[in-house]
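A short worksheet on the structure shown next.
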Amino acid sequence: MSAARFIKISDFCQTGSGTTPSRQKEARYYGGKIPWVKSGELREGEITVTEETVTEEALKETSLKLVPSGALLVAMYGATVGRVGRLGIEATTNQAVCHVVPDPALADERYMFHALCAKASELVAKGVGGAQPNISQGTIKDTQIYLPPLGEQQRIAAILDQADELRRKRQRAIDRLNQLGQAIFHEMFGDPQLGYDNVRLEDVASQIDYGLTASAKEDGDGPKFLRITDIQDGKVDWATVPLCDATTKQIADNELHVGDIVFARTGATTGKSFLIESCPDKAVFASYLIRVRPSKAVRPEYLFGFFQTTLYWNQIQSMAQGAAQPGVNSTKLKELVLPLPPIELQKKFCDAYREIKNQLVPMYDELAAYGRLFSSLQHRAFQGEL
């Protein structure tokens, strides 16, 4: 192969998928020494440890296949559909994962990892189904990849690796600062021997309610209102949406105020929260979120700090109901138990919280800039322009 060209994955890679051994034979099939990857574990990184393992009996008696280290994995359905992982170990997978093993004479593993990550949105767009479309192994096999000579692939992969590492380093620094806030909260309020009164969330909240259920139009002449569309890792995305069947009263009832806390009540982000420290006019929140408006008995920053603690997460996990993606409701949420220290101590925590927040703001800006740089390089790489 002397020149770059677009080639179907099936022309230079082996593909396949796994299975889920019968849970009715739990003792025979699970808990062995063979790693077993589920689609939810694909997060654009290297996989060296799995949540579950299977036995030799499962490998022999089911359609499980051992996938070699270095193989690329693509989630075909579920909450992580389209997401990619790279095996750093020999492992098996469930049926929701397609494994892609490139011919080493034609394709570099790292290059293919980046190529598949770049193709994620294209793959999802070709899926079938509702909110979480399914993509087939056939769709993945038919996907065309820009494939220059091997040495050129390795050069491109090295550039993308460096750009990606910039993003990851900044994210790790952000994670450490967030963990510092949690540690300060625990140090100040987490010891039961400190003797603070325990209260239920409904005792220190003036409102606990769901968001707006009005549907949106693709276009329209009416005013456009803002609503929260996603909560991830301490930041929030806003989208301008024309709401075709929302009344003035609905909008007023759902309008967010500074100091409100919203969190996802269902889906992959269940329990993730965000403190509203600034928001546009007429900002409303979506129906899959719950809004908690603190009363005067509790500072918003203190309550938000509690929502990051292990005590909170343990309670949320025990309350969550459902199958693949458990959710919580406002009735259950009202029963959350939290310590209530004097307001002066809450204010001290707020001061520490603001100091951490001041350091986080520029770091989030840098993370976004690194993300734009990576996306630009990625786009150029797989159009033959890098």
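All values below were derived from every heavy atom in this structure, side-chain atoms included, with hydrogens, water molecules and symmetry-related copies excluded. Only a predicted model underlies this, so the values are computations on that prediction, with no experimental measurement involved.
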Heavy-atom side-chain proximity of L338 to L311 below 4.5 angstrom: no

message: Check the orientation of F263 and F307. Use parallel for under 30°, tilted for 30 to 60°, and perpendicular for over 60°.
response: tilted

field: K169 atom NZ: more than 12 heavy-atom contacts under 6.0 Å
entry: no

query: Hey, what's the ring geometry for H114 with F374, parallel, tilted or perpendicular (30° and 60° as the breaks)?
result: tilted

message: Quick one: does any side-chain atom of S376 pair with a main-chain N or O of R372 as donor and acceptor, under 3.5 Å?
response: no

task: Could you give me the CA-CA distance, side-chain angles and deciding distance for E122 and K119, then say whether salt bridge (Lys or Arg N to Asp or Glu O under 4.0 Å) is met?
output: CA-CA 5 Å; E122 177 186 321; K119 289 288 183 178; 3.1 Å; yes

- request: Tell me yes or no: between the side chains of Q171 and D175, is some donor less than 3.5 Å from an acceptor?
  value: yes

- request: Measure from the ring center of Y111 to the ring center of F382 and say whether it is less than 6.0 Å.
  value: yes

query: For the atom pair OG1 (T92) and CG (L64), what is the distance rounded to the nearest 0.5 Å?
result: 5.0 Å

- prompt: Do you know the tightest heavy-atom contact between P21 and V54?
  reply: CG-CG1, 4.2 Å

- prompt: Is the number of heavy atoms from other residues, nucleotides or ligands under 6.0 Å of K126 NZ greater than 12?
  reply: yes

message: Quick one, V84 and L73 - any side-chain contact, counting heavy atoms below 4.5 Å?
response: no

task: Begin with the C-alpha distance, continue with both residues' side-chain angles, and end with the deciding distance and a verdict on salt bridge (Lys or Arg N to Asp or Glu O under 4.0 Å) for E301 and K347.
output: CA-CA 9 Å; E301 296 90 345; K347 289 179 179 178; over 6 Å; no

query: Does R23 make a cation-pi contact with Y30, if we ask for NZ or CZ under 6.0 Å from the ring centre and within 45° of the axis?
result: yes

- prompt: Is there a side-chain contact between L72 and F113 (heavy atoms, below 4.5 Å)?
  reply: yes

task: Give me the one residue out of M188, K348, Q346 that meets side-chain contact (heavy atoms from CB on, under 4.5 Å) with Y302.
output: Q346

query: Mind checking whether F185 and F306 have parallel, tilted or perpendicular rings, split at 30° and 60°?
result: tilted

- prompt: Is it the case that T20 and Q95 place a side-chain donor and acceptor less than 3.5 Å from each other?
  reply: yes

query: Would you find more than 12 non-hydrogen atoms of other residues, nucleotides or ligands less than 6.0 Å from N358 atom CG?
result: yes

message: Membership question, hydrophobic clusters at under 4.5 Å side-chain separation (ILVMFWY): are V101 and V37 in the same one?
response: no

message: Quick one, D351 with R354, criterion salt bridge (Lys or Arg N to Asp or Glu O under 4.0 Å). Give me CA distance, side-chain angles, the key distance, then yes/no.
response: CA-CA 5 Å; D351 291 340; R354 290 194 192 97; 3.4 Å; yes

task: For atom CD of Q14, decide whether the heavy atoms of other residues, nucleotides or ligands shown that lie under 6.0 angstrom number more than 12.
output: no

task: I would like to know whether V74 and I135 meet side chain to side chain contact (heavy atoms under 4.5 Å, CB included); could you show each step before the answer?
output: CA-CA 10 Å; V74 182; I135 57 177; 4.3 Å; yes

- prompt: salt bridge (Lys or Arg N to Asp or Glu O under 4.0 Å) between R200 and E335: does it pass, once the steps are laid out?
  reply: CA-CA 5 Å; R200 292 185 301 179; E335 299 173 0; 5.8 Å; no

- prompt: Looking only at heavy atoms, what is the nearest atom pair of N254 and G211, with distance?
  reply: OD1-C, 3.2 Å

Row check, F349 ring normal vs R299 NZ/CZ: under 6.0 Å, within 45°: no

